[in-house]
Number of protein chains: 2
Amino acid sequence: MSRPTKHAPERGDARNRLLEAARDIVRKQGFAATTVDDLCKAAGVTKGAFFHHFKSKDALGVAAANFWTDTTGAFFEGAPYHAPSDPFDRVLAYIAFRRAMITNDIPEFTCLVGTLVQEVHATAPEIRDAAGVSIFGHAETLEADIAAAIEVRGISPDGWTPQSLSRHFQTVIQGGFILAKAGNDPELARDALDHLDRYVRCLFGVHAVAYSGDPR
Amino acid sequence: MSRPTKHAPERGDARNRLLEAARDIVRKQGFAATTVDDLCKAAGVTKGAFFHHFKSKDALGVAAANFWTDTTGAFFEGAPYHAPSDPFDRVLAYIAFRRAMITNDIPEFTCLVGTLVQEVHATAPEIRDAAGVSIFGHAETLEADIAAAIEVRGISPDGWTPQSLSRHFQTVIQGGFILAKAGNDPELARDALDHLDRYVRCLFGVHAVAYSGDPR
DNA sequence: CATAATACCAACTGGTTGGTATGTATATTC
DNA sequence: GAATATACATACCAACCAGTTGGTATTATG
C-alpha cells in the first residue's frame with residue numbers, strides 16, 4: 001500500500017516534491033521571486049519539511065540545479081538522437097531533438113539552470129557553479145559525436161574544436177530561450193535551432209536541406 | 001552653478017540616477033533581488049523620490065528597460081561599425097564591435113533587458129514587452145545592412161532572411177552572456193561571437209580568416 | 001521492546017519589503 | 001507676489017519573508 005503516486009504526498013517524498021516544485025516554479029517566476037512558502041505550498045509540505053531537507057533557500061537552489069543535472073542527464077542519455085550510426089547524423093539529430101522539445105508553453109521547455117545562473121551568477125557562487133556543471137557537463141556529452149563526425153567527414157576545423165562547438169550549441173539554445181521569452185513566442189527558439197542546424201551543416205561542408213521539423 | 005555632475009545629486013536628477021542605479025544593480029543581482037531601498041541608496045535619494053517618479057517597482061522596471069533601449073540605441077548608432085562602405089563588412093564589423101565590448105567584468109557588459117526578461121517574462125508582461133522592444137528593435141537596425149550585403153554579394157539565402165539572421169545575432173549574444181555567467185568567464189561570450197562570425201562568413205560564402213579581435 | 005534517528009508539522013519571530021501619508025523647499029505660472 | 005505644481009525628504013506601516021523552535025509520528029537499530 002505504499003505506492004508513491006504523483007499527487008498524494010507520502011512520507012519520504014518531501015525532498016523530491018520540493019525539487020520538482022522548484023524546477024517548475026523557478027522557471028516561471030525566477031529564483032528570487034519564488035518564496036520558500038511558494039515551494040512548500042506547491043509541494044504540499046510545510047516549512048519544517050523544507051528546512052529539514054535544505055539548510056537554506058540557497059541550498060535548495062544548489063540542490064535544484066543538481067536535480068536538473070541528474071534528471072535531464074538521464075533524459076538525454078535515453079533520447080533517440082543517439083540512434084543514427086553516422087556521428088554527423090547524431091549531431092544533427094541532437095539539434096532536431098532539441099527543436100522538437102520546444103512546446104507552446106515557455107516555462108515548460110526553458111532551462112532551469114540558465115534561468116538560475118542569470119539571476120545569481122554574481123551573488124550565489126555555489127548555485128552558479130552547480131548551473132555551470134549542468135550546462136558544460138551537458139555540452140561535453142556532445143563532444144565525442146562532434147569529434148567522430150570531424151573524422152568521418154574528413155574535415156579540418158579551422159578555429160574551432162569539438163568542445164567550443166558543443167558549447168556553442170548551448171549558447172544558441174540558451175539564447176533562443178531568451179528571445180522566445182522576450183517575444184513571448186516559442187517559435188523564436190525554433191528559429192535559433194534552425195540557424196544552428198545551418199551552421200553545423202556549413203562547418204561540415206554539407207548542403208543545407210529544407211528542414212522537416214521532424215526529429216526522426 | 002547648476003552643472004549636473006555625476007556624483008553630486010542635484011534637484012531634477014533623481015529619476016535618471018535611479019534608472020542608472022537600476023541598470024547597474026539589476027545586472028548584478030537581478031530584478032527581484034534588487035530592493036527599492038537598494039536603488040534609492042545607490043542613487044542617493046529617498047523612497048519619496050522613488051515613488052514620486054515611479055508608481056511601483058514594476059513601473060521602474062519598464063522605465064529601466066526603455067532607458068536601456070534609448071541609451072544603447074544612441075550608443076550603437078554612433079558606433080564605428082557603420083563606417084565600412086561595403087555592407088557585408090559592416091555586418092562583420094558589428095560582430096567585431098560586440099566582441100570588443102566584452103570586458104572582464106560580467107555585469108558591466110551583459111544585457112539589462114536580457115536579464116530582466118528572463119526573470120519576469122511570465123509575471124510582468126509590461127516589463128517583458130519593453131525588453132522585447134529593446135531586443136527586437138536593436139536587431140532591426142541590422143536588417144538593412146544584411147539585406148544590402150545579400151545584394152552586393154549576390155547570394156540567395158536559403159531558409160533565412162535578414163530579419164531572422166539579425167535576430168540570430170541577438171540569440172548568440174544573449175546565449176554567450178549566459179555561458180559567460182555560468183562559467184564565470186567572459187571569454188565564453190567572445191567564443192560565441194567567433195562562432196557567429198564564422199557562421200555569417202559561411203552564409204555569404206566568404207572564407208573565414210584568423211580572427212584579429214580588433215573591431216577596426 | 002527500548003532507544004535513537006529520521007521525517008515531518010504547526011506556530012512563531014525578527015527583520016525586511018513595497019508602498020503610503022505627510023511635510024517642505026524650490027520652481028513655474030498668472 | 002500669491003497660487004500652484006514639481007521634486008523631493010522623513011517617518012511610518014502592514015504584509016511578507018527566511019529561518020527557528022519545539023513538538024509528534026514513523027522508521028531503523030540493537
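Every chain is numbered from 1 and lettered A, B, ... according to where its sequence line falls, protein lines coming before strand lines.
In this structure, A/Phe75 has its ring center under 6.0 Å from that of A/Phe97.
Defined by atom type and a distance below 3.5 Å, a donor-acceptor pair is missing between the side-chain atoms of B/Tyr81 and B/Arg98. Remark: the A/Glu108 side chain and the A/Thr103 side chain contain an N/O donor-acceptor pair separated by less than 3.5 Å.
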Scan the side chains in residues 125-137 of chain A for donor-acceptor partners under 3.5 Å anywhere in the protein, sequence neighbours excluded, and list what turns up.
residue	atom	partner	partner atom	Å
A/Arg128	NH1	A/His121	O	3.4
A/Ser134	OG	A/Thr69	OG1	3.1

Anything under 3.5 Å between a donor and an acceptor, one on a side chain of residues 184-192 of chain A, the other on a protein residue two or more places apart or in another chain? List them.
residue	atom	partner	partner atom	Å
A/Asp185	OD1	A/Glu187	N	3.0
A/Glu187	OE1	A/Arg190	NH1	2.6
A/Arg190	NH2	A/Ile102	O	3.0

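Identified under the side chain to side chain donor-acceptor pair (under 3.5 Å) test for residues 50-64 of chain A, with sequence neighbours left out: none.
Not counting sequence neighbours, B/Arg15 has no partner by the salt bridge (charged side-chain N to carboxylate O under 4.0 Å, His left out) test. Remark: B/Phe51 engages no residue in a ring-ring contact (aromatic ring centres under 6.0 Å, His included) (not counting sequence neighbours). Remark: B/Thr71 pairs with B/Phe67 by the side-chain contact (heavy atoms from CB on, under 4.5 Å) rule, at least two apart or across chains. In this view, A/His138 and A/Phe76, A/Tyr94 satisfy the ring-ring contact (aromatic ring centres under 6.0 Å, His included) rule, not counting sequence neighbours. Partners of A/Ser164 under the side-chain hydrogen bond (donor to acceptor under 3.5 Å, both in side chains) rule, at least two apart in sequence or in another chain, are B/His195.
Bracketed by its first and final contacts, the part of DNA chain C lying under 4.0 Å from non-hydrogen atoms of chain A reaches from C/dT6 to C/dA10 in 5' to 3' order.
Contacts with DNA chain D (heavy atom under 4.0 Å) in residues 56-63 of chain A: A/Ser56, A/Lys57, listed by number. Residues of residues 31-42 of chain B that place a heavy atom closer than 4.0 Å to DNA chain C, in numerical order, are B/Thr34, B/Thr35, B/Val36. Listed by residue number, the members of residues 46-54 of chain A with any heavy atom below 4.0 angstrom from DNA chain D are A/Lys47, A/Phe51.
Classification of B/Arg99 and B/Asp194 as a salt-bridged pair holds, one side-chain N sitting under 4.0 Å from a carboxylate O.
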